[in-house]
Enquirer: 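Sharing a structure below in structure tokens format, with a few things to ask.
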Amino acid sequence: MAPVTPRTAFPKVLIERDSDSEQSSSEEEEEKLDEEEEEEEVGVSTANEKTEKLELGSDANRKGKAPITISLKKVCKVCKKPGHEAGFKGAAYIDCPMKPCFLCKMPGHTTLTCPHRVSTEHGVVPAPRRKACKPLEYVFERQLRPSLPSIKPKYVIPDQVNCAVIRYHSRRITCLEFHPTKNNILLSGDKKGQLGVWDFGKVYEKVVYGNIHSCLVNNMRFNPTNDCMVYSASSDGTISCTDLETGISSSPLNLNPDGWQGPNTWKMLNGMDINSEKGLVLVADSFGFLHMVDIRSNNRSGDAILIHKKGKVVGIHCNPIQPDIFLTCGNDHFARIWDLRQIEAGSSLYDLKHTRVVNSAYFSPISGTKILTTSQDNRLRVWDSIFGNVDSPSREIVHSHDFNRHLTPFKAEWDPKDPSESLAVVGRYISENYNGAALHPIDFIDTSTGQLVAEVMDPNITTISPVNKLHPRDDILATGSSRSLFIWKPKEKSELVEEKDEQKIVVCGKAEKKRGKKNGNISDESDDEGFMSKSKKSKSKKTEWKLSRCTTKDNR
DNA sequence: AGCCAATGACACC
DNA sequence: TGGTGTCCCTTGGC
């Protein structure tokens, strides 16, 4: 224990505590005082609450310093007021009643009673439509749903983890991209700037390139004329063009040629897409400017154009049918539609207003006539036709995907295989109690109705999964959750239940380091146990994942 | 088990 | 308008 130094010059301190709480020894009190010495007042006491006040540091009081009150009563960690407590109670999170609903952001109720909340009572229950906030309709919806016969969903949902690389990256995963022709290759970018290439068909075949970027890889796109080459946009301000076979990369664009000159000049690249017709990489920076790179010459093309005035542009998407038409979104709370043939500052065709930052905006994958946006106001917005009135969205779908500075921003993405262009996938921030486990599912939403088609989860995945990508041809979902990657397949197609496939989970990180570069079985089971036991909130039955016999091979 | 750091949006002045 | 303080369900490491 650290020695407790007497604080003679410290002002008088009052400690309040609940009268029914346990008394601690004076030594402990002094420790607590030590920890909270900077706190002026923690918690507020009211007259009708029984509190016990302890006085410390009377020495200081004599010197005339103002008394400081420290309350040891239990207060809400959110609003700092007594009488209630926010936080996890087991696997269920109790909201602070003093704050607006964490889900829909409206005051007067909490997420537990929010009409937009996905019901936990019946497993997969459709999320109500926007208009279902009318109490009557909501009640009808809730009462009718469970009694309706279950209809076989028309969508094929990859709902079972087929294989995984645990702690594959050394920092959290920021983006994913499937190979355009090789069905089993998944690219992943992380916060550290590393680029992973994983053959999830062979599972053990994985490479991580660590020298391409120095920080966050925000977006990756394959060269449309050479699927060996991939472009990546990074917060280090560069576009890299990497040969996946060799890992050799070039930088056709570098917005920080003079290195770090402070935050006011450091440019970051977020949104990126490729206009395959013109052979142009479109990329936008954190100061709102659009830059272009010619694929043939691998050089800059034209000047930077201001497209979002208030800072960062986070997303760019070229229309699949008419690539000259492209969509951008950014920190200025707008998604904007542009025509590349007549582009200059302020020349956007349409401006789609949002109330918060727009994390992503995508044209529908086949016809390119719909738009899906994800905004930090916890709403997905759908425009059913860009030819109609685009002044307001056709639908707003309340969905939990809050901004958190420690998470990769959530982006709802279309299923590229859905001919009706209605299915979208997006991770969920808020957790639910699934048999005693607090899990964050990945949601499949019918954007034409707002209904939740499916929520997929696994008791072993206790971290939030903000990064999700649906395979362009196969019924496969790739998920980036923290540092791990998961491949989901539909239950009927998943072979994981079979004994031989116990080796489909590859553990990286510590376990790998301990083993050095040697291949073979992981002998140190405790590390694997470490991963399994990380799901401390999880009390439900683990899936048939068996980590103890997994084998890794690293071709680095 | 408990603390800490990393670090983006935004409200407020 | 720019500086600053605050922040609700994070995650991993020590």
Side-chain angles (χ1 to χ4, degrees), chain A residues 2 31-32 34-36 38 40 75-81 84-107 109-112 114 117-118 120 166-174 190-192 215-216 218 235 262-264 266 268 270 286 309-312 314 330-333 354-359 375-378 399-410 427-434 437-441 457 461-467 480-484 508-510 513 527 530-531 533-538:
Chain A
E31 261 183 42
K32 277 167 188 161
D34 225 32
E35 285 161 20
E36 299 179 8
E38 299 300 324
E40 282 206 357
V75 295
C76 171
K77 65 173 180 182
V78 176
C79 70
K80 310 284 186 283
K81 291 200 170 66
H84 63 273
E85 268 185 280
F88 275 102
K89 286 267 183 295
Y93 190 90
I94 309 299
D95 267 11
C96 170
M98 310 301 281
K99 293 273 181 173
C101 172
F102 190 52
L103 176 54
C104 73
K105 309 300 176 198
M106 303 299 282
H109 64 267
T110 66
T111 51
L112 284 174
C114 178
R117 185 168 190 260
V118 176
T120 52
I166 309 298
R167 288 180 301 215
Y168 178 34
H169 285 267
S170 53
R171 293 287 183 275
R172 66 164 205 253
I173 287 160
T174 50
D190 73 18
K191 189 171 164 280
K192 207 180 173 186
C215 58
L216 282 99
N218 292 311
S235 293
N264 295 333
W266 185 260
M268 299 182 269
N270 282 69
S286 49
K309 273 181 190 158
K310 250 175 74 184
K312 194 159 78 176
V314 288
N331 271 23
D332 63 351
H333 301 187
H354 295 66
T355 64
R356 282 282 188 281
V357 172
V358 189
N359 286 346
S375 174
Q376 291 182 7
D377 62 1
N378 261 2
H399 178 265
S400 172
H401 50 254
D402 282 75
F403 169 78
N404 180 317
R405 72 191 126 158
H406 310 294
L407 298 174
T408 306
F410 290 83
R428 198 192 301 173
Y429 188 129
I430 209 163
S431 67
E432 303 280 356
N433 183 349
Y434 296 98
L439 302 177
H440 308 266
M457 74 210 71
I461 309 175
T462 54
T463 47
I464 295 172
S465 309
V467 191
S481 191
S482 185
R483 296 154 53 187
S484 304
C508 308
K510 257 195 214 165
K513 274 186 205 142
D527 194 66
F531 164 72
S533 63
K534 269 208 85 60
S535 41
K536 43 190 171 211
K537 289 170 201 159
S538 164

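Naming: A, B, ... by sequence-line order, numbering from 1 per chain. Everything numeric in this text was worked out from a predicted model, so none of it was measured.
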Enquirer: Between A:T111 and C:dC9, does any side-chain N or O lie under 4.0 Å from OP1 or OP2?
Expert: no
Enquirer: Respond yes when some side-chain nitrogen or oxygen of A:H406 is under 4.0 Å from OP1 or OP2 of C:dC9, and no when none is.
Expert: no
Enquirer: Can you measure A:F88 atom CZ to C:dT11 atom C1' for me and round it to whole angstrom units?
Expert: 13 Å
Enquirer: In this structure, how many angstroms lie between the P atom of B:dA9 and the CZ atom of A:F410, rounded?
Expert: 15 Å
Enquirer: When you get a sec, tell me which of C:dC9, B:dG8, C:dT11 is the closest nucleotide to the side chain of A:Y429?
Expert: C:dC9
Enquirer: Under 3.5 Å, is there a donor-acceptor pair linking the side chains of A:S235 and A:N218?
Expert: yes
Enquirer: So if I take every side-chain heavy atom of A:F403 and compare against C:dC8, B:dC10, B:dG8, which nucleotide ends up nearest?
Expert: B:dG8
Enquirer: If we ignore hydrogens and angles and just use 3.5 Å, is the side chain of A:H401 paired with the main-chain N or O of A:S375 as donor and acceptor?
Expert: yes
Enquirer: Starting at NE2 of A:H169 and ending at P of C:dG13, how long is that distance when rounded to a whole Å?
Expert: 15 Å
Enquirer: Go through the structure and list residues passing side chain to side chain contact (heavy atoms under 4.5 Å, CB included) with A:H406, not counting sequence neighbours.
Expert: A:N404
Enquirer: What is the distance from NZ of A:K99 to P of B:dA11, rounded to the nearest Å?
Expert: 12 Å
Enquirer: Got a list of side-chain donor-acceptor pairs under 3.5 Å for residues 84-91 of chain A, not counting sequence neighbours?
Expert:
none

Enquirer: By nearest nucleotide on DNA chain C, pick out whichever of A:N264 and A:I464 is the more 5' one.
Expert: A:N264
Enquirer: Take A:H333 and A:R172, find for each the nucleotide of DNA chain B with the closest heavy atom, and name the residue whose nucleotide sits nearer the 5' end.
Expert: A:R172
Enquirer: Need one value for A:R356: base, sugar-phosphate or nothing, where a base atom within 4.0 Å counts as base even if backbone is also close, heavy atoms only.
Expert: sugar-phosphate
Enquirer: Which of the following nucleotides, B:dG8, C:dC8, C:dC9, is nearest to the side chain of A:V78?
Expert: C:dC8
Enquirer: Touch check for A:L407, heavy atoms < 4.0 angstrom, all strands: base, sugar-phosphate only, or nothing?
Expert: sugar-phosphate
Enquirer: For A:R167 and C:dG12, give me the distance from atom CZ to atom P, rounded to whole Å.
Expert: 9 Å
Enquirer: At less than 4.0 Å, is any side-chain N or O atom of A:K312 found next to OP1 or OP2 of B:dA9? Yes or no.
Expert: yes
Enquirer: Distance-only, no hydrogens or angles: does the A:T174 side chain make a donor-acceptor pair with backbone N or O of A:T408 under 3.5 Å?
Expert: no
Enquirer: Has A:N378 got a side-chain atom pairing as donor or acceptor with A:C104's backbone, closer than 3.5 angstrom?
Expert: no
Enquirer: Counting heavy atoms from C-beta on, name the nucleotide in C:dT11, B:dC10, C:dC9 closest to the side chain of A:T463.
Expert: C:dT11
Enquirer: Whole angstroms only, please: what is the CD1-C1' distance between A:I461 and C:dT10?
Expert: 16 Å
Enquirer: At 4.0 Å (heavy atoms only), tell me whether A:P100 reaches a base, stays on the sugar-phosphate, or touches nothing.
Expert: base
Enquirer: To the nearest Å, give me how far apart CG (A:D377) and C1' (C:dC8) are.
Expert: 17 Å
Enquirer: Distance check: side-chain N/O of A:K191 vs OP1/OP2 of C:dT11, anything under 4.0 Å?
Expert: no
Enquirer: Please state the C1' separation for the pair B:dA11 and C:dC9 - nearest whole angstrom.
Expert: 22 Å
Enquirer: Under 4.0 Å from OP1 or OP2 of B:dA9: is there any side-chain N or O of A:N331 that close?
Expert: yes
Enquirer: Of A:R405 and A:T355, whose closest DNA chain B nucleotide lies nearer the 5' terminus?
Expert: A:R405
Enquirer: Specify the separation, in whole Å, of atom CG of A:N378 and atom P of B:dC10.
Expert: 13 Å
Enquirer: Is any side-chain N or O of A:R483 closer than 4.0 Å to OP1 or OP2 of C:dG13?
Expert: yes
